[in-house]
2 protein chains.
Amino acid sequence: MALRRGAGVGRPPDVAIKRLPVYLRVLAELEAAGSDVVSSADLARRTGFSSEQIRKDLAYFGSFGTRGVGYSTAGLASGIRRVLGLDREVAAVLVGAGHLGTALARYNVGREQHVNLVAIFDIDPAKLGQELGGTRVRSVTELPAVVRRLGVRLGVIAVPAAAAQTVAEDLVGAGVVALLNFAPVKLSLPAHVQVQNIDLSLELQALAYYLAGEAEAAREG
Amino acid sequence: MALRRGAGVGRPPDVAIKRLPVYLRVLAELEAAGSDVVSSADLARRTGFSSEQIRKDLAYFGSFGTRGVGYSTAGLASGIRRVLGLDREVAAVLVGAGHLGTALARYNVGREQHVNLVAIFDIDPAKLGQELGGTRVRSVTELPAVVRRLGVRLGVIAVPAAAAQTVAEDLVGAGVVALLNFAPVKLSLPAHVQVQNIDLSLELQALAYYLAGEAEAAREG
DNA sequence: TCCTGTGAATGTGTTCACAGCA
DNA sequence: TGCTGTGAACACATTCACAGGA
């Protein structure tokens with residue numbers, strides 16, 4: 001049976017969705033190395049997740065493996081791509097061409113297939129017309145028209161905190177429904193918009209807790 | 001009673017630790033705005049978490065509020081800082097001075113107190129001696145000695161995937177126990193090392209799922 | 001036989017509902 | 001009275017244990 005959305009039992013938890021791209025990356029490595037079959041135990045070794053969890057994650061989308069054998073490497077990869085909607089090209093736009101935006105644009109190119117940066121916007125006139133990873137930087141004033149014309153539904157925000165809410169509203173107004181937000185602010189947006197925040201200083205501050213724990217454990221013996 | 005590590009009931013879940021810096025940011029805004037008391041309902045409104053969850057998170061570390069009143073804004077902030085170990089300066093090092101590393105270095109400066117970038121390393125001779133956010137870029141060959149001498153225990157990895165494992169091992173060998181890793185690889189490190197991975201393409205791919213869901217929902221009516 | 005797929009058991013985290021105290 | 005602090009109920013996620021089919 002093919003691996004597809006909703007074919008399995010129960011609803012897939014969000015945490016399972018976030019593990020699928022990890023499997024995809026490992027499968028790409030295995031395909032490149034010439035393995036054409038992979039077991040959940042192999043995937044467990046390479047991802048750090050338990051084999052039961054991996055089997056359960058995959059089973060949310062249907063039966064895909066062969067009992068006694070394992071999963072077809074290529075078949076599982078294309079199945080996961082289909083589940084994630086990565087079996088066709090996904091267009092994304094980036095707002096903010098500072099250092100972070102530049103890193104994202106460069107990184108994206110050719111790095112992972114099927115998510116394509118189709119436009120980059122910035123407010124700084126000095127940056128307009130520059131190419132980042134093969135995509136020209138446009139004025140943010142063009143954002144609504146371009147996003148709407150290209151039908152883009154995925155956006156990445158890499159602008160200063162003060163500008164983020166406005167940019168987010170413009171994106172959503174133009175049809176974007178999923179956002180990756182690097183600005184250190186909580187965005188207020190309609191509930192149907194899926195937002196993933198990545199906040200560098202919050203992560204660092206949370207990590208500090210574990211340092212403190214170490215120090216305390218050492219003090220206490 | 002003062003808010004401190006382990007003063008409350010049960011062990012704080014990791015997800016609660018990750019929420020503490022969010023509270024800290026909101027509290028800083030409230031302090032700047034002159035509020036000297038804040039209720040869990042206020043924090044809920046500004047963070048998007050439920051008020052019960054906020055009270056529970058704080059209670060893991062002891063009783064801190066005043067019944068019928070709320071929490072002292074300044075007192076709660078300093079209590080959370082103490083829990084996270086941010087009541088004293090925390091030193092961190094950054095490895096990789098590319099666009100991402102530059103963004104991180106610039107962002108860090110003055111942005112959030114108490115986590116200080118004390119050294120930046122890169123392998124590219126052209127970058128050595130440059131200043132990023134007030135810190136000089138050194139050769140990665142100096143990494144072990146500098147990290148050990150300064151007693152740094154927090155590291156940020158912003159190097160290409162191929163270099164990340166080696167860099168991570170060097171950092172851990174020199175005494176680092178907590179890592180923020182931006183390289184798209186699973187690091188194999190001793191269990192006592194706390195690793196937080198931030199992987200841009202995995203996040204984008206996971207978001208694509210929600211686009212696909214939208215498309216499918218539309219197709220199905 | 002071997003490894004997948006899955007109900008049942010367990011564990012973890014969140015929400016509810018209210019007791020407790022300024 | 002009002003808001004914190006917390007046991008109890010609930011929801012969610014992971015692990016266990018094994019049935020099922022190549």
Side-chain angles (χ1 to χ4, degrees), chain A residues 1-4 6-20 22-23 27 30 35-73 75-77 79-80 83 206 209, chain B residues 1-20 22-23 27 30 35-73 75-77 79-80 83 206:
Chain A
M1 188 206 258
L3 187 66
R4 61 187 161 74
V9 181
R11 302 257 147 254
D14 279 16
V15 283
I17 303 300
K18 294 205 70 177
R19 284 189 292 261
L20 297 183
V22 179
Y23 304 149
L27 288 167
L30 288 168
S35 320
D36 42 80
V37 173
V38 62
S39 70
S40 58
D42 295 335
L43 289 171
R45 217 169 300 117
R46 287 164 177 270
T47 60
F49 306 127
S50 75
S51 63
E52 305 91 313
Q53 182 163 73
I54 292 169
R55 291 201 299 280
K56 199 136 245 190
D57 284 352
L58 300 178
Y60 281 116
F61 306 101
S63 299
F64 195 65
T66 307
R67 296 178 191 225
V69 180
Y71 302 88
S72 146
T73 311
L76 183 56
I80 293 175
V83 168
Y209 176 81
Chain B
M1 189 204 259
L3 187 66
R4 62 187 161 74
R5 227 167 230 276
V9 180
R11 303 256 146 256
D14 279 16
V15 283
I17 303 300
K18 296 202 71 177
R19 284 189 292 262
L20 296 183
V22 180
Y23 304 149
L27 287 167
L30 288 168
S35 319
D36 43 80
V37 173
V38 61
S39 70
S40 59
D42 295 334
L43 289 171
R45 216 168 301 118
R46 287 165 177 268
T47 60
F49 305 127
S50 75
S51 63
E52 306 89 313
Q53 183 163 72
I54 292 169
R55 292 201 300 278
K56 200 137 244 189
D57 284 352
L58 300 178
Y60 282 116
F61 306 101
S63 299
F64 194 64
T66 306
R67 293 173 195 230
V69 180
Y71 302 89
S72 146
T73 311
L76 183 55
I80 292 175
V83 168

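What you see is a predicted model, and the numbers here were worked out from it, not measured in a lab. Residue numbers start from 1 in every chain, and the chains themselves are labelled A, B, ... in the order their sequence lines are given, proteins ahead of strands. All values below were derived from every heavy atom in this structure, side-chain atoms included, with hydrogens, water molecules and symmetry-related copies excluded.
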| message | Check whether B:Thr73 reaches the backbone of B:Ser35 with its side chain - one donor and one acceptor, N or O, closer than 3.5 Å. | response | yes
Atom [atom1] of [X] and atom [atom2] of [N]: how far apart are they, to the nearest Å?
X	N	atom1	atom2	value
B:Gln53	D:dC12	CD	C1'	13 Å
A:Arg55	D:dC16	CZ	P	11 Å
B:Asp57	D:dG5	CG	P	12 Å

| task | Select from A:Thr66 and A:Asp14 the residue whose nearest nucleotide in DNA chain D is closer to the 5' end of that strand. | result | A:Asp14
| query | Given that A:Ser50 and B:Gly70 both sit by DNA chain D, which one's nearest nucleotide is further toward the 5' end? | reply | B:Gly70
| field | 5' priority, DNA chain C, between A:Glu52 and A:Gly68 [closest heavy atom] | value | A:Gly68
Heavy-atom check, side chain of [X] versus side chain of [Y], under 4.5 Å:
X	Y	result
B:Arg19	B:Thr47	no
A:Leu76	A:Leu43	yes
B:Lys18	A:Tyr209	no
B:Tyr23	B:Leu58	yes
A:Gln53	A:Asp57	yes

| Between which nucleotides of DNA chain C, 5' to 3', does chain B make heavy-atom contacts below 4.0 Å? | C:dG13 to C:dA22
| message | So, does A:Tyr71 get its side chain near the phosphate of D:dA22, meaning an N or O under 4.0 Å from OP1 or OP2? | response | no
| Listed nucleotide nearest any side-chain atom of B:Arg67, set D:dG2, D:dT14, D:dT15 | D:dG2
| message | Mind checking if A:Ser51 touches a base, just sugar-phosphate, or nothing, with heavy atoms under 4.0 Å? | response | nothing
